[in-house]
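For reference, the structure I am asking about is given below.
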Amino acid sequence: MPRNRRPRPSKPSSATQAPSQLRIIGGRWRGRKVAFAPIEGLRPTGDRLRETLFNWLQFHLPDARCLDLFAGSGALGLEALSRGAAHVDFVELDGGAARTLREQLKLLQADEGEVHNCAAEVFTSQGGPAYDVVFVDPPFARDLWAATLNALAQSQRLGDGTLVYVESPRDTVIAPPEGWQLEKEKHAGQVCMRLYRV
């Protein structure tokens with residue numbers, strides 16, 4: 001007679017999994033750990049890459065208006081706020097990730113951050129003040145770089161001198177819109193970091 005076997009527990013969904021964590025590496029919240037939703041494919045920019053990026057931006061962040069497209073964990077926008085940005089708009093399509101990001105901003109008492117739960121192309125099509133710094137780090141599997149950069153270029157959200165950070169797989173070819181100048185570029189493992197000036 002066969003023994004009764006306990007069914008294997010199903011893999012928990014992102015809604016029931018414990019949140020993941022990342023560490024803010026500089027500024028007023030240096031060393032502070034913040035939670036982010038365990039969404040499949042969510043890949044926060046690593047500490048070493050963030051250190052390089054924010055060294056590039058150190059003189060541009062104080063009092064800057066920033067846009068964190070495809071915010072995900074919020075790693076880039078939170079780091080910008082920690083280092084003196086005046087305001088950051090976080091744009092995130094996934095409802096769970098957006099909700100967790102709002103919770104972290106509340107815990108940090110960061111009134112300068114605002115989360116927008118919508119698609120990047122919807123947000124960039126809307127009017128509003130121009131940004132000083134824009135972070136573009138979309139899900140690598142979706143190949144959104146060309147469409148996103150073109151939408152940004154056609155929007156009214158970039159000013160003369162706006163800095164646009166683009167993170168992509170190492171071998172991804174980026175064709176920047178007309179008038180964008182490559183300021184910095186670095187390869188780190190399988191990732192390519194680029195900083196453009198409009």
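FYI, the numbering just counts along the sequence from 1. No experiment lies behind these values; they were computed from the predicted model shown.
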Are Leu158 and Leu182 co-members of a hydrophobic cluster defined by side-chain heavy atoms under 4.5 Å apart?
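As far as the 4.5 Å side-chain criterion goes, Leu158 and Leu182 are connected within one cluster.
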Answer yes or no: is there a donor N or O on one side and an acceptor on the other, between the side chain of Arg157 and the main chain of Gly127, under 3.5 Å?
yes
Given Leu78 and Asp68, is the side-chain contact (heavy atoms from CB on, under 4.5 Å) satisfied, shown in steps?
CA-CA 9 Å; Leu78 290 171; Asp68 189 356; over 6 Å; no
Compare every heavy atom of Trp145 with every heavy atom of Glu167, then report the nearest pair and how far apart it is.
O-NE1, 2.9 Å
Decide yes or no for Trp56 and Lys186: does some side-chain heavy atom of the first lie under 4.5 Å from some side-chain heavy atom of the second?
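Answer yes - side chains close enough.
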Under a 3.5 Å distance rule, please check whether His87 uses its side chain to pair with a backbone N or O of Glu112 as donor and acceptor.
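It does hold such a pair.
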So with a 6.0 Å cut-off around CD of Gln156, is the heavy-atom count from everything else above 12?
no
Please tell me if the side chains of Asp132 and Leu163 come closer than 4.5 Å, counting only heavy atoms from C-beta onward.
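Not touching, per the 4.5 Å side-chain cut-off.
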Can you name the nearest heavy-atom pair linking Pro169 to Phe140, along with the distance?
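In this case the closest contact between Pro169 and Phe140 is CG-CD2, 3.5 Å.
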If I take atom CD1 from residue Ile24 and atom OG from residue Ser82, how far apart are they, to the nearest 0.5 angstrom?
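The distance works out to 5.0 Å.
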Roughly how far, to the nearest 0.5 Å, is CG of Asp94 from CZ of Arg99?
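Rounded to the nearest 0.5 Å, the CZ-CG separation comes out at 8.5 Å.
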For a quick test of reading the model, state the closest non-hydrogen atom pair linking Ala98 to Glu92 and the distance between them.
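The pair with the smallest heavy-atom distance is N-CG, 3.9 Å.
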Quick check for you: to the nearest 0.5 Å, what is the distance between Glu79 atom CD and Cys66 atom SG?
11.5 Å
Would you check, one step at a time, whether the test side-chain contact (heavy atoms from CB on, under 4.5 Å) holds for Leu195 with Leu57?
CA-CA 9 Å; Leu195 186 67; Leu57 296 175; 4.1 Å; yes
Mind checking the CZ-CZ spacing from Arg30 to Arg83? Nearest 0.5 Å is all I need.
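Output value for this atom pair is 8.5 Å.
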Contact check, side chains of Phe70 and Asp137, non-hydrogen atoms, under 4.5 Å
no
Just how far is it from atom CD of Glu114 to atom CG of Leu101, taken to the nearest 0.5 Å?
11.5 Å
For Gln58 and Pro62, which heavy atoms make the closest approach, and how far apart are they?
O-CD, 3.6 Å
Taking atom CZ of Arg170 and atom SG of Cys192, what is their separation to the nearest 0.5 Å?
8.0 Å
Should Ile25 and Phe54 count as side-chain neighbours, where that means a heavy-atom distance under 4.5 Å?
no
Pairwise ring pair (Phe, Tyr, Trp, His ring centres under 6.0 Å) hits with a residue in residues 102-134, at least two apart:
His116-Phe123
Ser155 side chain to Leu152 backbone, donor-acceptor under 3.5 Å:
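Judged by distance alone, yes, a pair lies under 3.5 Å.
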For Arg48, does the CZ atom sit with more than 12 other heavy atoms under 6.0 Å from it, leaving out its own atoms?
no
pair Leu81-Leu105: side-chain heavy atoms closer than 4.5 Å
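A side-chain contact exists here, since the closest heavy-atom pair is under 4.5 Å.
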I need the minimum non-hydrogen distance between Arg50 and Leu76, along with the two atoms involved.
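Residues Arg50 and Leu76, closest heavy atoms: CG-CD2, 3.8 Å.
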Heavy atoms, side chains only, cut-off 4.5 Å: are Leu93 and Val122 in contact?
no
Thr100 side chain vs Gly96 backbone, donor-acceptor pair below 3.5 Å
yes
May I ask you to decide if the ring planes of Trp180 and Tyr196 are parallel, tilted or perpendicular, using 30° and 60° as cut-offs?
tilted
I'd like to check Arg194 versus Ser168 (side-chain heavy atoms, cut-off strictly below 4.5 Å). Are they in contact?
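With C-beta onward as the side chain, the pair touches.
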Closest heavy-atom pair and its distance - Val133, Thr162:
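Between these two residues, the closest heavy atoms are N-CG2, 4.4 Å.
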